[in-house]
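Here's the structure, in structure tokens; my notes come after.
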Amino acid sequence: MKTPGPASVASGKFAQDLALLQQEFERCSDVVYRTFALSSGQSGAIVFIEGMVDEKRLEAKVLEPLMGGSARIFAEAAGAPPNVSVWIHADHVKNETDIKAAAESVCKGEAAVLVDGVPSILLVSMQKLDKRAVEEPATEPIIRGPRDGFTENLGVNITLVRRRFGTTDLKVETMKMGRLSQCSLAIVYLDSVVLPEVLKEVRNRLGRIEIDAVLESGYIEELICDNPLSIFPQLLNTERPDRVAGSILEGRVAILVDNTPFALIAPGTFIDTLQATEDYYQNYIVASATRLLRFWLSFSALVFPSIYIAVTTFHQEMIPTSLLLSIASSREAVPFPGIVEALLMEAAFEGLREAGIRLPRPVGQAVSIVGALVIGQAAVQAGVVSAMLVIVVSFTGIASFIFPAYAQGLAIRFLRFPMMLLAATFGLYGLVLGLLAVLIHLAKLRSFGVPYLAPFAPTNASGLKDTAVRAPWWSMVLRPLQTGKVNRRRMKPGMRPGPSKGGNAGG
């Protein structure tokens with residue numbers, strides 16, 4: 001811990017301490033120095049940054065009590081350093097003797113109070129930061145379930161998680177990160193469920209980060225993941241407090257970062273990226289069917305254009321004759337081979353999607369519609385691409401929107417391009433080789449020691465109840481083995497509902 005030098009320690013001499021504080025804020029025109037005189041004759045000052053402090057509360061809770069009670073303060077002190085803090089009506093008041101540390105607290109929105117004769121600086125929490133209201137997450141909308149979502153305020157986010165747990169077993173460890181930003185983050189977990197080795201690893205990886213600033217949880221995600229060269233997300237990120245709560249109940253660790261609504265969940269597995277929070281709120285049969293559809297569409301998003309290219313280029317015998325003739329007639333006027341045609345369309349589609357996201361929402365929607373309807377139709381009529389390929393690219397684009405985890409959707413979208421090149425070079429053999437390479441890569445991945453393909457590889461029978469299909473809640477008595485081995489039991493066995501045996505509910 002850094003020890004403050006003699007020149008940076010508050011001395012209790014008002015003029016000297018104020019001058020040192022002014023040196024720290026040199027060329028900072030937004031810092032307000034408000035001096036006042038106590039009725040007992042001593043001088044005082046309040047230092048804060050304009051716009052970050054509630055000045056009305058500061059006047060009522062700090063300045064007026066100090067000036068009104070100053071005579072009693074020094075009368076009661078009887079020569080000893082007066083305890084000024086008892087006269088300040090604020091929730092959080094602390095003493096700070098280091099001038100530099102006091103200045104850094106002022107930068108975070110606290111007010112510094114200096115009083116002549118008091119050998120410390122009082123830091124009063126009176127922040128007036130504009131906070132966004134708790135709203136439904138924009139990136140994870142659902143039909144059934146809670147509508148609250150994380151905001152950019154860490155305190156609000158911790159509250160949203162804690163209100164779902166009425167137990168002291170929920171632990172929240174806070175720390176600062178970023179040499180210049182001093183960003184706050186919180187590690188949240190259930191003490192009786194979390195894997196100790198995962199928790200220790202999270203602490204270690206966060207503790208070794210030394211960076212100027214952390215502006216979003218994505219900074220931390222890249223700095224603590226197991227394999228930084230992989231395109232697949234190895235931590236889950238979500239805006240939903242209920243998803244964080246569900247993950248914590250399974251023994252995972254949540255990392256909440258100030259100034260961002262996206263929380264990180266560790267460890268993350270491949271199957272988690274294909275599961276939506278709403279799956280647990282719907283009928284398990286419907287949820288299972290939806291998951292299977294999601295699996296099929298995610299596979300289609302990866303390989304559908306590659307299959308089209310491989311079959312039309314190398315394996316025409318696999319296409320029914322009538323369909324082959326239709327495809328051939330639609331490509332008759334197209335001067336490019338299939339791979340060039342597909343790359344042009346896919347690149348155009350990705351460009352339109354990015355433009356639709358980055359532009360203002362009304363303009364973005366118009367660009368997407370114009371791009372899809374006008375440019376696609378015009379390209380077919382101009383003979384640049386075939387109508388069949390427009391159908392393939394359109395279906396693939398729709399399929400790529402089904403990922404509950406946006407980062408996983410990005411990975412699949414960009415893996416589609418090397419798959420198309422392999423299919424254009426080696427046909428279906430190249431496509432199979434590409435899929436095998438992806439599968440081997442996934443099998444090698446770990447997230448905080450947990451295999452990325454768990455519970456498929458290594459296979460865990462109880463874990464398979466919540467994978468491609470979801471078993472009913474009353475049958476999922478145990479937590480997933482990969483994260484909940486410390487405290488396996490989630491609920492009491494024998495909870496299957498039904499009429500009581502031999503009873504008659506109607507009397």
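Atom set for the values below is all heavy atoms of this structure, side chains included, hydrogens, waters and symmetry mates excluded.
Residues Ala266 and Val202 share a closest heavy-atom pair of CB-CG2, 4.5 Å. Of all heavy-atom pairs between Ile271 and Pro455, the closest is CG2-CD, 4.4 Å. Leu249 and Arg479 make their closest contact through O-NE, 2.6 Å (heavy atoms, listed as atom of the first residue, atom of the second, distance). The shortest non-hydrogen separation linking Val334 to Val384 is CG1-O, 3.4 Å. The minimum heavy-atom distance between Thr151 and Ala133, with the atom names listed, is CG2-O, 3.8 Å. Arg413 and Tyr406 make their closest contact through NH1-OH, 3.8 Å (heavy atoms, listed as atom of the first residue, atom of the second, distance).
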Arg446 and Tyr452: CA distance, side-chain angles, deciding distance, side-chain contact (heavy atoms from CB on, under 4.5 Å) verdict
CA-CA 5 Å; Arg446 296 285 187 277; Tyr452 197 57; over 6 Å; no
Report the C-alpha distance between Glu201 and Arg205 in whole Å, list the side-chain angles of each, state the deciding distance to 0.1 Å, and finish with yes or no for salt bridge (Lys or Arg N to Asp or Glu O under 4.0 Å).
CA-CA 6 Å; Glu201 190 64 23; Arg205 294 189 192 186; 2.9 Å; yes
side-chain contact (heavy atoms from CB on, under 4.5 Å), that's the test. Do Met491 and Trp473 meet it? Break it down for me.
CA-CA 9 Å; Met491 66 172 70; Trp473 269 114; 4.2 Å; yes
Applying side-chain contact (heavy atoms from CB on, under 4.5 Å), run through Thr238 and Val244 and close with a yes or a no.
CA-CA 8 Å; Thr238 179; Val244 168; 3.7 Å; yes
Apply salt bridge (Lys or Arg N to Asp or Glu O under 4.0 Å) to residues Lys176 and Glu104 and explain how you reach the verdict.
CA-CA 13 Å; Lys176 300 285 185 184; Glu104 289 175 351; over 6 Å; no
One pair to check against side-chain contact (heavy atoms from CB on, under 4.5 Å): Phe314 and Phe426. What are the steps and the verdict?
CA-CA 8 Å; Phe314 294 98; Phe426 304 107; over 6 Å; no
Run the side chain to side chain donor-acceptor pair (under 3.5 Å) check on Glu250 and Thr483 step by step: do they pass?
CA-CA 6 Å; Glu250 291 183 345; Thr483 56; 4.8 Å; no
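Between the side chain of Ser326 and the backbone N or O of Ser322 there is no donor-acceptor pair closer than 3.5 Å. Remark: side-chain polar atoms of Arg294 are paired, donor with acceptor, to backbone N or O of Leu274 under 3.5 angstrom. Gln275 places a side-chain N or O within 3.5 Å of a backbone atom of Asp466 that can act as its donor or acceptor partner. Between the side chain of Glu341 and the backbone N or O of Ser386, at least one donor-acceptor pair lies under 3.5 Å. Judged purely by atom type and a 3.5 angstrom limit, Gln316 has no side-chain atom pairing as donor or acceptor with the backbone of Leu324. The backbone N or O of Val477 sits nowhere less than 3.5 Å from a side-chain atom of Arg488 that would complete a donor-acceptor pair. Counting only distance, with no hydrogens or angles, the side chain of Thr312 and the backbone of Ile309 share a donor-acceptor pair below 3.5 Å. Using a distance-only test at 3.5 Å, with no hydrogens or angles considered, no donor-acceptor pair links the side chain of Asp279 to the main chain of Ala287. A donor-acceptor pair under 3.5 Å is formed between the side chain of Ser447 and the backbone N or O of Gln234. Judged by distance alone, the side chain of Ser181 and the main-chain N or O of Val214 form a donor-acceptor pair under 3.5 Å.
Proximity of Arg490 to Pro480: side-chain heavy atoms (C-beta onward) are separated by under 4.5 Å at one or more points. When side chains are defined from C-beta on, His441 counts as touching Asn227, because their heavy atoms get closer than 4.5 Å. The shortest side-chain heavy-atom distance between Leu323 and Met388 falls under the 4.5 Å cut-off. With contacts defined as side-chain heavy-atom distances shorter than 4.5 Å, the pair Pro451/Pro458 qualifies. At least one side-chain heavy atom of Ile255 sits less than 4.5 Å from a side-chain heavy atom of Ile224. Side-chain contact between Arg163 and Pro241 is absent, with no heavy-atom pair separated by less than 4.5 Å. You'll find the side chain of Ile402 stays beyond 4.5 Å of the side chain of Leu293, heavy atoms only. Annotation: side chain of Arg252 is in contact with side chain of Asp272 (closest heavy-atom distance under 4.5 Å).
Few gaps surround CZ on Phe165; more than 12 heavy atoms of other groups in view lie less than 6.0 Å from it. Summarising the local packing, CG of Leu436 is surrounded by more than 12 heavy atoms from other residues, nucleotides or ligands at distances under 6.0 Å. Environment of CD in Glu317: crowded, with over 12 heavy atoms of neighbouring residues, nucleotides or ligands closer than 6.0 Å.
Partners of Thr277 by side-chain contact (heavy atoms from CB on, under 4.5 Å), not counting sequence neighbours, listed by chain and number: Arg240, Asp242, Arg243, Tyr281.
In this structure, OG in Ser300 is found 13.0 Å from CZ in Phe295, a value given to the nearest 0.5 Å. Rounded to the nearest 0.5 Å, atoms CG (Asp212) and CG (Leu180) are 4.5 Å apart. Atom CZ of Arg470 is separated from atom CZ of Arg291 by 7.0 Å, given to the nearest 0.5 angstrom. Distance check: Leu431 CG to Leu421 CG gives 12.0 Å after rounding to the nearest 0.5 Å. Rounded to the nearest 0.5 angstrom, Ser184 OG and Leu256 CG are separated by 11.5 Å. Here the CG atom belonging to Asp148 is positioned 11.5 Å from the CD atom belonging to Glu135, to the nearest 0.5 angstrom.
Ring planes of Phe232 and Phe270: perpendicular class, angle over 60° (limits at 30 and 60°).
The side-chain contact (heavy atoms from CB on, under 4.5 Å) test with Val194 singles out one residue from Ile187, Val486, Leu199, Ile248, and that residue is Leu199.
Judged by distance alone, the side chains of Glu173 and Tyr189 do bring a donor and an acceptor atom under 3.5 Å apart.
Geometrically, Arg353 engages Phe401 in a cation-pi contact defined by less than 6.0 Å to the ring centre and at most 45° from the axis.
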